Amino acid sequence: MEEKKVRRKRKLGSYPFVSVIFSITLALIVVGLLGLMIVYTSQLTTAIKENVEVQVYLNKSVTNNEVTRIRRTITSKPYILKKQDRPSITHITKDQAAAEFIKDTGEDFRDFLGDNPLRDLFVMKIQPEYQSVDSLSWISKEIQSIRGVYEVTYVESLVRSINNNLAKIGVILVGFAIILVLVVVILINNTIKLALFSQRFLIRSMQLVGATSKFIRRPFLQRSAAYGFFAGIFSCSTLYLLIIYANRRVEDLQNLVDDFSLVVLFGGVILLGILVAYLSTYQAIRRYLKTSLDELY
């Protein structure tokens with residue numbers, strides 16, 4: 001029985017899409033994981049800085065009207081942290097402070113002192129951009145100049161330590177991100193070059209029949225952009241499933257990332273996939289268009 005051999009015609013612009021999409025997807029997942037790490041670190045940094053407190057102690061002789069005036073003056077400053085348009089400042093009276101002290105220690109110092117030596121105070125939080133040591137020093141001096149304020153304190157060593165550690169982490173993450181993105185770009189570029197290697201003779205055949213470079217490039221570029229888009233969608237879907245799993249395993253982890261940050265990250269991953277695939281294909285096609293017949297072999 002005579003065997004019939006069916007020869008498939010190669011279509012211009014078509015090349016192994018499964019391996020290309022799979023490779024690009026894996027590369028984008030790695031980039032996305034790094035992006036998630038940066039997002040979580042950024043949110044954690046903000047959360048840490050938002051918990052840095054400054055204590056403003058008032059004179060013992062302040063009246064209720066003076067307390068109101070001091071509070072109004074402080075809350076009008078641009079460096080006071082605001083959440084939902086409400087300034088993060090708390091007034092603790094000396095009686096409340098005494099009650100808290102007695103509750104924690106179990107001893108009533110008023111029995112042997114005969115008086116409450118504590119002072120009214122405001123506990124306030126500062127905007128993250130004003131949390132350098134120099135800025136906090138200037139803020140302390142400005143608040144202490146308000147009439148009725150006795151003293152302004154904060155833990156300077158803690159602030160200095162937080163700023164130094166966060167700066168080191170930021171430098172490490174940025175450096176790692178640059179290296180990883182370069183590796184991913186090279187990986188995707190090489191993957192597409194290998195995929196297009198099988199199309200080099202078809203490209204030369206199209207040139208020989210008079211096809212223009214633009215006509216030859218168009219289907220390849222369109223497919224590469226589509227491959228990059230679908231790879232981005234697959235990678236973002238995988239990352240989203242990982243986020244859901246992590247949120248179920250780690251308590252309060254979902255509080256460190258918001259929907260807007262995820263949308264920006266996923267959009268960046270998809271855009272990166274499209275751009276790298278498109279530019280890599282353009283570069284590879286341009287190379288084959290200029291390659292001589294002997295070099296094609």
Side-chain angles (χ1 to χ4, degrees), residues 39-167 169-170 252 254-261:
V39 170
Y40 281 121
T41 303
S42 175
Q43 296 294 333
L44 183 60
T45 298
T46 301
I48 291 174
K49 287 192 171 185
E50 286 180 353
N51 285 320
V52 174
E53 294 181 341
V54 175
Q55 293 81 32
V56 180
Y57 293 91
L58 308 182
N59 293 332
K60 289 186 176 182
S61 59
V62 292
T63 63
N64 291 335
N65 290 336
E66 289 177 321
V67 170
T68 302
R69 173 184 57 79
I70 295 172
R71 183 189 185 104
R72 189 183 301 114
T73 302
I74 294 176
T75 54
S76 66
K77 303 298 182 180
Y79 44 75
I80 300 298
L81 178 67
K82 292 182 175 61
K83 287 189 174 181
Q84 298 178 349
D85 294 330
R86 298 184 62 182
S88 296
I89 183 170
T90 304
H91 177 217
I92 301 177
T93 64
K94 61 181 181 180
D95 293 331
Q96 291 173 331
E100 189 67 25
F101 180 85
I102 294 170
K103 180 180 177 181
D104 292 339
T105 62
E107 297 181 1
D108 191 347
F109 56 85
R110 292 173 296 188
D111 292 340
F112 55 86
L113 290 179
D115 189 18
N116 183 2
L118 302 179
R119 301 172 182 270
D120 284 24
L121 79 149
F122 288 113
V123 178
M124 63 182 190
K125 296 180 179 179
I126 306 298
Q127 295 279 9
E129 58 268 25
Y130 287 95
Q131 288 195 17
S132 66
V133 175
D134 292 338
S135 296
L136 286 175
S137 176
W138 168 76
I139 289 171
S140 298
K141 292 178 181 179
E142 184 180 62
I143 294 178
Q144 196 154 353
S145 65
I146 300 174
R147 183 165 50 87
V149 173
Y150 174 76
E151 185 181 19
V152 179
T153 64
Y154 63 93
V155 185
E156 182 177 341
S157 59
L158 175 63
V159 174
R160 193 182 299 275
S161 176
I162 290 175
N163 290 334
N164 291 338
N165 291 333
L166 292 179
I169 293 173
D252 295 331
Q254 65 272 15
N255 296 330
L256 292 179
V257 63
D258 54 84
D259 293 338
F260 178 75
S261 297

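Small disclaimer: the values here were computed from a predicted structure and weren't measured.
Closest approach of Gln43 to Ser261, counting heavy atoms only: NE2-OG, 3.9 Å. Here the shortest heavy-atom pairing between Ile126 and Gln131 reads O-NE2, 2.9 Å. Considering every non-hydrogen atom in both Ile80 and Gln127, the closest pair reads O-NE2, 3.4 Å. For Arg71 against His91, the heavy-atom pair with the smallest separation is NH1-CB, 3.6 Å.
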Please report, to 0.1 Å, the donor-acceptor pairs under 3.5 Å made by any side chain of residues 143-157, with sequence neighbours excluded.
{"from": "Ser145", "atom 1": "OG", "to": "Glu142", "atom 2": "O", "distance (Å)": "2.5"}
{"from": "Thr153", "atom 1": "OG1", "to": "Gln55", "atom 2": "OE1", "distance (Å)": "3.3"}
{"from": "Glu156", "atom 1": "OE2", "to": "Arg160", "atom 2": "NH2", "distance (Å)": "2.7"}

Checklist line | side-chain contact (heavy atoms from CB on, under 4.5 Å) assessment of Met124 paired with Glu53 | finding: CA-CA 6 Å; Met124 63 182 190; Glu53 294 181 341; over 6 Å; no
Next item on the list: May I have the step-by-step check of side-chain contact (heavy atoms from CB on, under 4.5 Å) for Thr93 and Asp120, ending in yes or no?
Entry: CA-CA 4 Å; Thr93 64; Asp120 284 24; 4.1 Å; yes
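For Lys83, the salt bridge (charged side-chain N to carboxylate O under 4.0 Å, His left out) test picks out Glu50, with sequence neighbours left out.
The closest side-chain heavy-atom distance from Asn163 to Lys49 is below 4.5 Å. Ile139 has its side chain out of reach of Val54: every pair of non-hydrogen atoms, C-beta onward, lies at least 4.5 Å apart. At least one side-chain heavy atom of Pro128 sits under 4.5 Å from a side-chain heavy atom of Leu81.
Interatomic distance, CZ of Arg119 versus CG of Asn59, reported as 6.5 Å (0.5 Å rounding). In this structure, OG on Ser42 lies 12.0 Å from CD1 on Ile169, to the nearest 0.5 angstrom.
At most 12 heavy atoms of other shown residues, nucleotides or ligands fall within 6.0 angstrom of atom CG in Asn64.
Side-chain atoms of Ser137 never come within 3.5 Å of backbone atoms of Val133 as a donor-acceptor pair (strictly under, hydrogens ignored).
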